[in-house]
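Following: one structure in structure tokens, then a few remarks.
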Amino acid sequence: MPNIALRPVLPADLPILFQQQLDPQAVAMSAYPAKDRGEFMRHWEGIMKNKNVTARTILYKEKIAGHIISWKEGKYEQRIGYWIGKEFWRRGIASTAVAEFLLLMKTRPLFAEVANHNLASQKVLQKNGFTLHDEGGKISMYKLEK
């Protein structure tokens with residue numbers, strides 16, 4: 001397991017997180033479109049002000065590797081999501097970050113959406129105890145019970 005750290009997201013992190021979500025390969029894996037700078041900054045301003053959202057920056061070797069977040073939404077009450085910058089892929093960072101984040105987030109069940117073609121992200125969730133809950137055509141929902 002790589003040595004990572006999670007800390008609250010700081011405004012100074014946002015330019016790096018913005019660049020990470022622009023990568024075309026990462027966007028294709030996530031099945032979520034990239035945001036332009038203004039939209040991205042407004043989105044994160046709302047996240048950082050919302051007391052019902054838990055957001056952490058993922059640090060690996062003192063560099064911002066991505067972020068992980070939990071929020072409430074719709075019928076799948078509490079959700080978790082993460083984004084890892086492409087240069088940090090295939091190092092076990094996502095699996096470790098999810099494991100660490102789950103120690104902070106005690107609410108269960110937790111749900112996570114993943115694109116059906118994103119096998120790496122499916123494995124991250126499965127390693128951390130999530131199971132397939134609702135298989136969709138392009139995106140499926142995973143659930144963590146305990």
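Taking CD from Q19 and CD1 from I16, the interatomic distance works out to 9.5 Å, rounded to the nearest 0.5 Å. The distance from the CZ atom of F130 to the CE atom of M141 is 10.5 Å, given to the nearest 0.5 Å. Distance check, rounded to the nearest 0.5 Å: CD1 of I68 to CG of L6 gives 6.5 Å. One finds the CZ atom of F111 at 8.5 Å from the CZ atom of R79 (value rounded to the nearest 0.5 Å). For the atom pair CG (L10) and CE (M48), the distance works out to 6.5 Å, reported to the nearest 0.5 Å. Note that NE2 of H67 and CD1 of I84 are 8.5 Å apart. Values are rounded to the nearest 0.5 Å.
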Could you go through residues 23-38 and list every donor-acceptor pair under 3.5 Å that involves a side-chain atom there, pairing it with any protein atom two or more places apart or in another chain?
from: D23; atom 1: OD2; to: Q25; atom 2: N; distance (Å): 3.0
from: D23; atom 1: OD2; to: A26; atom 2: N; distance (Å): 2.9
from: Q25; atom 1: OE1; to: K86; atom 2: NZ; distance (Å): 2.7
from: S30; atom 1: OG; to: V27; atom 2: O; distance (Å): 3.0
from: S30; atom 1: OG; to: Y32; atom 2: N; distance (Å): 3.0
from: S30; atom 1: OG; to: Y32; atom 2: O; distance (Å): 3.3
from: Y32; atom 1: OH; to: E113; atom 2: OE1; distance (Å): 2.2
from: D36; atom 1: OD1; to: G38; atom 2: N; distance (Å): 3.2
from: D36; atom 1: OD1; to: E39; atom 2: N; distance (Å): 2.8

N/O donor to acceptor pairs below 3.5 angstrom from side-chain atoms of residues 94-106, sequence neighbours left out:
from: T96; atom 1: OG1; to: G92; atom 2: O; distance (Å): 3.0
from: K106; atom 1: NZ; to: L103; atom 2: O; distance (Å): 2.9

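The nearest pair of heavy atoms linking Q20 to W83 is O-NE1, 3.3 Å. A pairwise comparison of heavy atoms in Y60 and N3 identifies CD1-O, 3.7 Å as the closest pair. Annotation for V114 and S121: closest pair CG2-CB, 3.5 Å, computed over non-hydrogen atoms.
Looking at N116, its side chain does come within 3.5 Å of a backbone N or O of G137 through a donor-acceptor pair. When atom types are taken as modelled, the side chain of S70 and the backbone of I80 share no donor-acceptor pair closer than 3.5 angstrom.
Placement of L125 and L144 within a single hydrophobic cluster is found when ILVMFWY residues are connected by side-chain heavy-atom separations under 4.5 Å, directly or transitively. The hydrophobic clustering, which links ILVMFWY residues whose side-chain heavy atoms are closer than 4.5 Å, places I4 and L59 apart. When hydrophobic clusters are built by joining Ile, Leu, Val, Met, Phe, Trp and Tyr residues whose side-chain heavy atoms come closer than 4.5 Å, directly or via intermediates, I64 is grouped together with V9. Clustering ILVMFWY residues whenever any of their side-chain heavy atoms sit less than 4.5 angstrom apart, transitively, puts V53 in the very cluster that holds L17. I58 and I69 are not part of a single hydrophobic cluster, where members link through side-chain heavy atoms under 4.5 Å apart.
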Please test R7 against D13 for salt bridge (Lys or Arg N to Asp or Glu O under 4.0 Å), starting from the C-alpha separation and ending with a verdict.
-> CA-CA 11 Å; R7 66 157 166 73; D13 300 341; 2.6 Å; yes
Apply side chain to side chain contact (heavy atoms under 4.5 Å, CB included) to the pair F88 and R91, showing each step before the final yes or no.
-> CA-CA 6 Å; F88 298 98; R91 297 182 191 188; 4.1 Å; yes
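With sequence neighbours excluded, no residue forms a ring pair (Phe, Tyr, Trp, His ring centres under 6.0 Å) with Y82.
Put simply, the side chain of L119 reaches to within 4.5 Å of the side chain of Q122, judged on heavy atoms. Side-chain contact between E73 and W71: present, with at least one pair of heavy atoms (C-beta onward) separated by less than 4.5 Å.
W89 and E87 share no donor-acceptor pair across their side chains, judged by distance under 3.5 Å alone. No hydrogens or angles considered: nothing links the side chains of T131 and Q126 as a donor-acceptor pair under 3.5 Å.
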